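All values reported here derive from a predicted model rather than from experimental measurement.
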Amino acid sequence: MTRGFPMATTMRDEAWPVRERIVAFARDASFELSPRDGAALAAAAALAPGSRVSITWLPRDADDDRVAAARALHDRGLVPVPHIAARMIEDEAHLAGLIGRLCGEAGVSQLLVIGGDAKQPRGPFAASTDLLSSPALAHPMVRRIAVGGYPEGHPWAGEALLDAKIAAIGALGVTAEVITQLCFDSGPILAWARVFRARHPEVPVRLGIAGPASIRTLLRYARICGVGNSAKALVARGASIARLLAEAAPDPLLRDLAETPDIDALAPVGVHLFPFGGFERTARWIGAVAEGHFRFRGSDSGFQVDPAG
């Protein structure tokens with residue numbers, strides 16, 4: 001993927017601001033992969049230098065897996081953003097050792113602090129809030145720490161708790177960022193972003209969206225992530241078997257964001273891609289968008305991508 005101005009099109013002049021915003025979202029997109037996904041790590045080599053790639057932490061992943069994946073991404077000119085899962089940390093020594101290895105061996109300067117998928121904590125940290133009070137996170141190489149936001153709400157993580165997390169990150173002398181939970185509908189995303197931006201005018205936000213995948217796959221992950229309400233947008237045109245097997249891409253959502261009159265007032269804002277249909281497919285799709293290889297559909301919904309240009 002090269003970085004340049006969107007290629008010329010035959011669209012009317014008034015469409016250019018929307019095109020430019022869509023291209024800008026695509027060029028600045030961040031990604032996510034599993035540390036043991038060799039195919040995803042190989043496909044990441046095609047990303048533009050400087051692209052941010054977060055590294056998930058599942059219960060079966062080992063510290064060596066995370067460090068190796070972060071090092072591979074860093075060596076390819078990318079920015080690794082490892083997840084630090086509170087309930088997976090055994091104690092302060094484990095946390096300090098892991099962060100030390102990530103920074104020292106893999107050049108990590110950004111982290112995403114989460115609660116984690118373990119039902120029971122392995123050590124003293126039951127939630128990301130507990131982790132943010134640890135001095136281990138004040139490593140001199142760590143410049144940015146992201147936490148999760150929830151446009152569709154969360155039973156245990158309200159906005160007051162998010163504010164407390166941002167304050168805790170600030171107390172560490174580190175830049176805070178929010179990466180939101182997966183959402184399929186621009187309505188909840190924009191409503192949440194406006195409320196958040198009023199409280200935090202300068203905290204960067206990345207809006208979590210799904211890369212291209214079959215609707216059946218996306219609905220399955222929507223259930224896992226607990227975002228069923230916005231997932232209804234996926235089947236709004238009918239839930240036939242053929243429709244469920246069809247591929248859905250986030251072009252309607254990206255276009256909605258780009259056409260939002262106050263989108264510039266929500267800056268700094270970007271998108272974070274969850275590649276449920278495969279990392280390579282997602283990277284190829286967003287790469288084509290970043291190159292301007294798309295055309296608007298006749299309707300008001302989304303756009304058509306031409307990966308070949």
Test applied, side-chain contact (heavy atoms from CB on, under 4.5 Å); reference residue, F294; option that passes from D251, L254, I22: I22
Ring geometry between F303 and F296 (parallel below 30°, tilted from 30 to 60°, perpendicular above 60°): perpendicular
V53/L33 under side-chain contact (heavy atoms from CB on, under 4.5 Å): CA gap, chis, key distance, verdict: CA-CA 7 Å; V53 184; L33 55 70; 3.6 Å; yes
Common cluster, L172/I89, ILVMFWY with side-chain heavy-atom separation under 4.5 Å: yes
Spacing of NE2 belonging to H272 relative to CG belonging to D28, to within rounding of 0.5 Å: 12.5 Å
Interatomic distance, Q181 atom CD to I209 atom CD1 [nearest 0.5 angstrom]: 13.5 Å
Validation row: E92, P124 side chains within 4.5 angstrom (heavy atoms): no
Test item: I145 and Q110 side chains (from C-beta on) under 4.5 Å apart, heavy atoms: no
Check against salt bridge (Lys or Arg N to Asp or Glu O under 4.0 Å), E202 and R197: CA-CA 8 Å; E202 298 180 357; R197 187 55 73 215; over 6 Å; no
Minimum side-chain heavy-atom gap L112-I55 below 4.5 Å: no
Electrostatic pair E105:R71 at N-O distance under 4.0 angstrom: yes
Atom pair CG (L161) and OH (Y150), whose distance is rounded to the nearest 0.5 Å: 9.0 Å
The single option from I286, V289, L207, I263 passing side-chain contact (heavy atoms from CB on, under 4.5 Å) against F25: I263
Closest non-hydrogen atom pair between V79 and G50, with its separation: CG2-O, 3.6 Å
Expected output: side-chain D262 to main-chain A265 donor-acceptor under 3.5 Å: no
E259 bridged to R21 by N-O distance under 4.0 Å: no
Distance (rounded to the nearest 0.5 Å) between I99 CD1 and R101 CZ: 13.0 Å
Test item: R144 side-chain N/O and E177 main-chain N/O as donor-acceptor pair under 3.5 Å: no
Sidechain-backbone polar pair: D65 side chain, A62 backbone, donor-acceptor under 3.5 Å: yes
Test item: R87 and L131 side chains (from C-beta on) under 4.5 Å apart, heavy atoms: no
Linked, directly or transitively: F125 and I169 (ILVMFWY side chains, under 4.5 Å): yes
Beyond-backbone contact of L47 with R76, side-chain heavy atoms, under 4.5 angstrom: no
Minimum-distance pair of heavy atoms, taken over all atoms of L111 and L137: CD1-CD2, 3.9 Å
Check ion pair R295-D306 (N to O, under 4.0 angstrom): no
N/O donor-acceptor pair under 3.5 Å between R143 side chain and P140 backbone: yes
Mutual orientation of the aromatic rings belonging to F276 and F274 [parallel < 30°, tilted 30-60°, perpendicular > 60°]: parallel
D185 vs L253, side-chain contact (heavy atoms from CB on, under 4.5 Å): CA-CA, chis, key distance, verdict: CA-CA 7 Å; D185 187 350; L253 200 158; over 6 Å; no
Shortest non-hydrogen contact between P201 and P268, atoms and distance: O-CD, 4.3 Å
Hydrophobic cluster identity match, I114 and L273, side-chain contacts under 4.5 Å: no
P82 to A70 - nearest heavy-atom pair and separation: CG-CB, 4.5 Å
Chi angles and distances behind the side-chain contact (heavy atoms from CB on, under 4.5 Å) call for E152, I189: CA-CA 8 Å; E152 293 190 65; I189 289 176; over 6 Å; no
Any donor-acceptor N/O pair, T260 side chain to D256 backbone, under 3.5 Å: yes
Point-to-point distance, once rounded to the nearest 0.5 Å, from CZ of R206 to OG of S30: 4.0 Å
Pairwise side-chain contact, V205 with L266, heavy-atom cut-off 4.5 Å (strictly under): no
Side-chain touch V108/H74, heavy atoms, less than 4.5 angstrom: no
Heavy-atom closest contact (S128 atom, A86 atom, distance): N-CB, 3.8 Å
Closest non-hydrogen atom pair between A85 and W57, with its separation: N-CE3, 3.3 Å
Derivation of the side-chain contact (heavy atoms from CB on, under 4.5 Å) call for D61 and R36: CA-CA 8 Å; D61 297 330; R36 299 195 298 168; 3.3 Å; yes
Heavy-atom donor-acceptor pair, D75 side chain to A72 backbone, under 3.5 Å: no
Connected via hydrophobic side-chain network under 4.5 Å: L162 and L190: yes
Pairwise side-chain contact, H94 with M88, heavy-atom cut-off 4.5 Å (strictly under): no
Approximate separation, where rounding is to 0.5 Å, of H139 NE2 and L98 CG: 11.0 Å
Aromatic ring pairing F31/F279, orientation class (parallel under 30°, perpendicular over 60°, tilted between): tilted
Ring geometry between F196 and W192 (parallel below 30°, tilted from 30 to 60°, perpendicular above 60°): parallel
